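Remarks on the structure that follows.
Just so you know, residue 1 is the first one in the sequence shown, and it goes up from there. On a predicted model such as this, the values are computed, not experimentally measured, just so you know. We use all heavy atoms of the structure for the numbers below, so side chains are in, but hydrogens, waters and symmetry mates are not.
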Amino acid sequence: MAVDVLLGLQWGDEGKGKIVDVLTPNYDVVARFQGGPNAGHTLEFNGIKHVLHTIPSGIFRDGTINIVGNGVVIDPVTLKKEVDALLKMNVEVSNKLFISRKAHLIIPSHRLLDAASESMKGKEKIGSTLRGIGPSYMDKTGRNGLRVGDIEAADFMDRYRKLADKHIDLLKNMDFVYNLEELEPVWFEGIEAMKKLNFVDSEHLIHQYMKDGKNILAEGAQGSLLDIDFGSYPFVTSSNTITAGACTGLGIAPGKIGRVFGIFKAYATRVGSGPFPSELNDETGEAIRKAGNEFGATTGRPRRCGWIDLPALRYAIMLNGVTDLIMTKPDVLSGFDKISVCTHYHYHGKKIDYMPFDIVNADVKPVLEERKGWKENLSGIDAESKFPKELSDYIQYIESQLNVPVTIVSVGPDRNQTIVRKNS
Ligand code: GDP
Ligand code: IMO
Ligand code: MG
């Protein structure tokens with residue numbers, strides 16, 4: 001069987017957690033392939049709201065296997081908290097959560113290095129979630145990292161100390177006050193808790209599932225515009241967030257990728273620093289933030305808000321090979337008289353319809369097209385036929401601009417507030 005992929009087409013927080021949870025009954029296996037505790041994936045059902053950081057969003061459905069793949073970086077402290085929170089909700093993970101031995105570990109000094117690096121950057125800081133993501137991927141590519149499988153090695157403590165000492169040497173040269181001893185005990189508690197989980201050679205496990213004809217969904221974290229290669233560098237995360245990341249982050253050959261679900265909000269948000277051409281620094285942006293409750297699921301920071309950006313979406317669709325679009329949060333725009341769409345950019349005196357190399361330093365201004373908004377509250381809508389005409393027009397317009405069908409529309413945070421479109 002092919003492996004389907006679901007990933008974000010914007011700057012993250014598109015609603016991946018919710019939609020993975022909705023789609024999970026169609027899948028035997030859900031697997032995270034990159035990122036780490038910088039992610040915050042929110043699920044809502046039966047009046048419960050839950051945020052996952054490391055564990056795949058298929059964990060609440062009985063009978064689905066959840067895999068944390070080799071491309072993920074794991075902080076044992078966060079993972080322990082997540083497992084404990086699930087146990088409190090009577091979600092037993094021992095029979096359905098599997099962790100790749102090849103996934104890298106975030107150690108406490110990675111978090112310190114992240115914070116030190118950001119504080120030294122001053123105004124140019126990335127706006128990192130400070131979860132140690134950048135430093136741990138640096139140690140991975142620098143061939144210094146510690147992996148989950150190393151926990152089983154007799155000399156794990158020596159290896160840990162060697163890496164931590166290396167970080168201490170680096171921190172000595174940075175203008176940053178820290179206390180590593182304070183962070184270590186809880187990290188080692190996390191390691192002890194991890195030992196009770198199932199460590200696997202996930203690439204083999206996934207291939208066995210594929211051979212057995214199981215349906216597998218790969219769950220992306222962050223968004224395509226935060227991709228290390230194709231995002232608004234250097235204001236990006238440190239992994240490949242695009243479909244190709246599912247190949248390397250799980251060990252799947254490119255030809256085995258099936259459907260690619262590209263998820264986007266009916267508007268756009270970004271948290272942290274970096275360019276955002278269609279950003280609204282006015283009361284409309286404020287109104288979207290308020291209506292959409294746009295505050296980070298991991299850090300609580302207010303998300304910057306703006307209009308949907310078609311050149312950026314087109315770029316993300318191209319990079320990912322998106323077969324199906326999923327729109328979330330159109331309900332947030334209810335009551336806006338006019339909604340705008342960024343169709344092009346003004347760039348070096350020209351009107352262009354693609355994302356240029358430099359959107360960080362160059363002056364990139366959005367070209368906006370206004371459309372009529374819808375008044376109706378969408379949150380109780382249970383069928384496409386009940387959509388206000390303006391919303392149907394908006395969806396059709398986006399499809400015609402992007403040449404990919406919108407197959408699912410989400411009209412609220414709850415699992416049930418999801419509409420699969422008739423012709424999909
Ligand atoms: P993720 O990182 O892509 O999983 O997204 P987040 O969980 O960080 O952020 C999405 C937020 O929007 C969460 O608070 C969700 O509960 C919420 N959400 C998801 N879909 C919808 C929707 O269609 N309408 C509304 N109003 N909220 C939604
Ligand atoms: P989910 O999976 C939104 C952003 C940070 C920062 C940049 C680098 O919930 O969509 P990092 O901690 O990775 O070094 O931060 O990337 N960022 C996210 N923004 N959603 C996320 O994940 C994000 N993960 C990282 O705000 O700008
Ligand atoms: Mg999120």
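Asp75 contributes atom CG, which lies 5.0 Å from atom CD1 of Ile106 (distance to the nearest 0.5 angstrom).
Judged by distance alone, the side chains of Glu294 and Tyr267 do bring a donor and an acceptor atom under 3.5 Å apart. Side chains of Thr418 and Lys18: a donor on one and an acceptor on the other come within 3.5 Å. Counted by atom type alone, Asn320 and Ser224 present one or more donor-acceptor pairs between their side chains at under 3.5 Å. Counted by atom type alone, Thr54 and Glu82 present one or more donor-acceptor pairs between their side chains at under 3.5 Å. Using modelled atom types and a 3.5 Å distance limit, the side chains of His110 and Asp139 yield a donor-acceptor pair. In this structure, a donor-acceptor pair under 3.5 Å is present between the side chains of Gln222 and Asn38. Checking Thr343 against Glu369 by side-chain atom types alone, no donor-acceptor pair falls below 3.5 Å.
Evaluated for a side chain to side chain donor-acceptor pair (under 3.5 Å) with Asp84, the options Lys80, Lys81, Lys88 yield exactly one hit, Lys80. Screening Lys16, His50, Glu219 for a side chain to side chain donor-acceptor pair (under 3.5 Å) with Ser57, the sole residue that qualifies is Glu219.
Val332 is not listed as a side-chain neighbour of Lys265, based on a closest heavy-atom distance of 4.5 Å or more. Residues Leu79 and Leu197 meet the side-chain proximity criterion, which asks for heavy atoms closer than 4.5 Å. Looking at heavy atoms from C-beta onward, Ile288 lies in side-chain contact with Phe336 at the 4.5 angstrom threshold. For the pair Tyr345 and Pro311, the minimum side-chain heavy-atom distance is below 4.5 Å. Looking only at side-chain heavy atoms (C-beta outward), Met327 and Ile398 come within less than 4.5 Å of each other. Looking at Phe295 and Arg289, their side chains come closer than 4.5 Å, going by heavy atoms from C-beta outward. A heavy-atom distance below 4.5 Å is found between the side chains of Ile133 and Pro37. Taking 4.5 Å as the limit, every side-chain heavy atom of Leu105 sits out of range of all side-chain heavy atoms of Tyr160.
In Met138, the CE atom is not crowded: 12 or fewer heavy atoms of neighbouring residues, nucleotides or ligands sit closer than 6.0 Å. Atom CD of Glu124 has 12 or fewer neighbouring heavy atoms from other residues, nucleotides or ligands inside a 6.0 Å radius. Within a 6.0 Å sphere centred on CG of Asp212, other residues, nucleotides and ligands contribute more than 12 heavy atoms.
Between Lys162 and Asp165, none of the side-chain N atoms (NZ, or NE/NH1/NH2) sits under 4.0 Å from a carboxylate O, so this pair counts as no salt bridge. Between Glu283 and Lys290, none of the side-chain N atoms (NZ, or NE/NH1/NH2) sits under 4.0 Å from a carboxylate O, so this pair counts as no salt bridge.
Using modelled atom types, no side-chain atom of Asp155 and backbone atom of Asp158 make a donor-acceptor pair closer than 3.5 Å. At least one donor-acceptor pair under 3.5 Å links the side chain of Asp282 to the backbone N or O of Gly285. Side-chain atoms of Arg131 come within 3.5 Å of backbone N or O of Thr298 as a donor-acceptor pair. For Lys329 (side chain) and Gly292 (main-chain N/O), a donor-acceptor pair under 3.5 Å exists by modelled atom type.
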Verdict with supporting geometry, Arg259 and Leu6, side-chain contact (heavy atoms from CB on, under 4.5 Å): CA-CA 8 Å; Arg259 284 169 83 172; Leu6 183 143; over 6 Å; no
